[in-house]
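Shown next, in structure tokens, is the structure this report addresses.
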Amino acid sequence: MADMCAFRDAVSGWAGGGPGGPASDLAVCLGVRTAVLLEGPSDRAAVEALAERRGRDLAAEGVCVLPMGGAMCVGRYAGLLGPPGLGLRLAGLCDEGEQRYYERGLARAGAPYAGFFVCVTDLEDELIRTLGTARAEEIVRAEGDLRAWQTFLRQPAQHGRPRHQQLRRFLGTKKGRKIRYGRLLVEALGPGQVPAPLDGLLLSL
């Protein structure tokens with residue numbers, strides 16, 4: 001039975017130059033109505049973790065969370081999935097530094113920008129700042145990454161850097177770590193601690 005993973009894979013293949021028919025057929029079969037465009041898989045992990053915490057099944061609601069592989073892909077994805085393509089509603093997160101790519105890409109696709117929410121640096125930074133560095137370091141220790149974290153802090157490039165920047169950089173030093181911590185940081189949030197861009201996105205879907 002087809003599921004949202006199959007649709008996600010079909011869209012990725014289409015964006016890579018493959019045929020659009022499989023994605024179109026799956027969109028109809030699965031009742032997809034909204035595509036959430038995100039830069040990478042760690043953002044997807046965070047969005048899906050928050051949805052689960054709030055008792056929501058995004059796939060059952062016709063919402064597909066799609067990591068695009070970078071901000072500069074947004075024009076391609078918006079053209080395929082927005083008004084020129086499948087006609088889905090588009091939403092998502094973007095980093096402040098890449099906001100112009102989103103604005104231009106969505107404008108070219110004739111898609112509204114209203115469903116997109118901006119993180120100042122990126123979503124990991126928003127989560128670390130919201131939790132506080134002490135709590136984030138507790139999570140690192142609990143995950144068995146303390147030795148790696150201590151080794152990382154001894155690197156000359158990290159000397160004198162603010163703690164939240166060190167933590168953010170640490171999450172990107174090993175393949176898969178950002179994805180794992182994208183979920184863990186969201187799961188550690190207390191009541192009322194959800195960063196505004198992430199909260200706004202979920203409320204808009």
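Atom set for the values below is all heavy atoms of this structure, side chains included, hydrogens, waters and symmetry mates excluded.
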Return all side-chain donor-acceptor pairs below 3.5 angstrom for residues 188-199, not counting sequence neighbours, or 'none' if the list is empty.
from   : atom 1 : to     : atom 2 : distance (Å)
Gln193 : OE1    : Gly190 : N      : 2.5
Gln193 : NE2    : Thr130 : O      : 3.4
Asp199 : OD1    : Arg54  : NH1    : 3.0
Asp199 : OD1    : Arg54  : NH2    : 2.5

If we only count heavy atoms from C-beta on, is the Val120 to Asp95 side-chain gap below 4.5 Å?
no
Those residues at least two apart in sequence (or on a different chain) that pass side-chain hydrogen bond (donor to acceptor under 3.5 Å, both in side chains) with Gln166 are Arg163
Does the Arg147 side chain pair with the main chain of Gly144, one donor and one acceptor, at a distance under 3.5 Å?
no
If the condition is salt bridge (Lys or Arg N to Asp or Glu O under 4.0 Å), which residues does Arg177 pass it with, not counting sequence neighbours?
none
Suppose we screen for side-chain hydrogen bond (donor to acceptor under 3.5 Å, both in side chains). Which residues come up paired with Glu138, at least two apart in sequence or across chains?
Arg135
Sequence neighbours excluded - side-chain hydrogen bond (donor to acceptor under 3.5 Å, both in side chains) pairs with any residue from residues 148-161
Glu137-Trp149, Thr151-Arg154, Gln158-Arg161
Test of understanding: clusters of I, L, V, M, F, W, Y form through side-chain heavy atoms closer than 4.5 Å, transitively. Do Phe116 and Val118 belong to the same one?
yes
Applying salt bridge (Lys or Arg N to Asp or Glu O under 4.0 Å), can you list everything that pairs with Asp122, at least two apart in sequence or on another chain?
Arg168
Verdict with reasoning, Arg89 to Leu205, per side chain to side chain contact (heavy atoms under 4.5 Å, CB included):
CA-CA 10 Å; Arg89 174 178 175 255; Leu205 299 178; 3.9 Å; yes
Can you tell me how far the CG atom of Leu66 sits from the CG atom of Asp43, to the nearest 0.5 Å?
12.5 Å
Please tell me if the side chains of Ser204 and Phe117 come closer than 4.5 Å, counting only heavy atoms from C-beta onward.
yes
The criterion is ring-ring contact (aromatic ring centres under 6.0 Å, His included); which residues satisfy it with Tyr77, sequence neighbours excluded?
none
ring-ring contact (aromatic ring centres under 6.0 Å, His included) partners of Tyr181, counting only residues at least two apart
none
Which value, rounded to the nearest 0.5 Å, describes the distance between Leu167 atom CG and Asp125 atom CG?
10.0 Å
What's the verdict on salt bridge (Lys or Arg N to Asp or Glu O under 4.0 Å) for Arg56 and Glu52, showing C-alpha distance, side-chain angles and the deciding distance?
CA-CA 5 Å; Arg56 295 183 61 179; Glu52 290 170 14; over 6 Å; no
Salt bridge (Lys or Arg N to Asp or Glu O under 4.0 Å) partners for Arg141, two or more places apart:
none
With rounding to the nearest 0.5 Å, note down the distance linking CG in Leu81 to CG in Leu88.
5.5 Å
Arg76: which residues meet the salt bridge (Lys or Arg N to Asp or Glu O under 4.0 Å) condition with it, sequence neighbours left out?
none
Per-pair distances, 0.1 Å, donor-acceptor, side chain in residues 11-40, under 3.5 Å, sequence neighbours excluded:
from  : atom 1 : to    : atom 2 : distance (Å)
Ser12 : OG     : Arg8  : O      : 3.1
Arg33 : NE     : Glu61 : O      : 2.8

Pairwise distance CD(Gln99) to SG(Cys94) - rounded to 0.5 angstrom:
5.0 Å
Rounded to the nearest 0.5 Å, what separates atom CG in Leu171 from atom CZ in Phe152?
9.0 Å
Please report the interatomic distance CG(Leu201) to CG(Leu93), rounded to the nearest 0.5 Å.
4.5 Å
Just jot down the side-chain hydrogen bond (donor to acceptor under 3.5 Å, both in side chains) partners of Arg169, sequence neighbours excluded, or say none.
none
Can a side-chain donor-acceptor contact be found between Thr121 and Glu96 if the only test is distance below 3.5 angstrom?
no
Following the transitive rule for hydrophobic clusters with a side-chain heavy-atom cut-off under 4.5 Å over Ile, Leu, Val, Met, Phe, Trp and Tyr, establish whether Leu184 and Val47 coincide in one cluster.
yes
Could you check whether any side-chain N or O of Asp145 sits under 3.5 Å from a backbone N or O of Ala148, counting only pairs where one atom can act as donor and the other as acceptor?
no
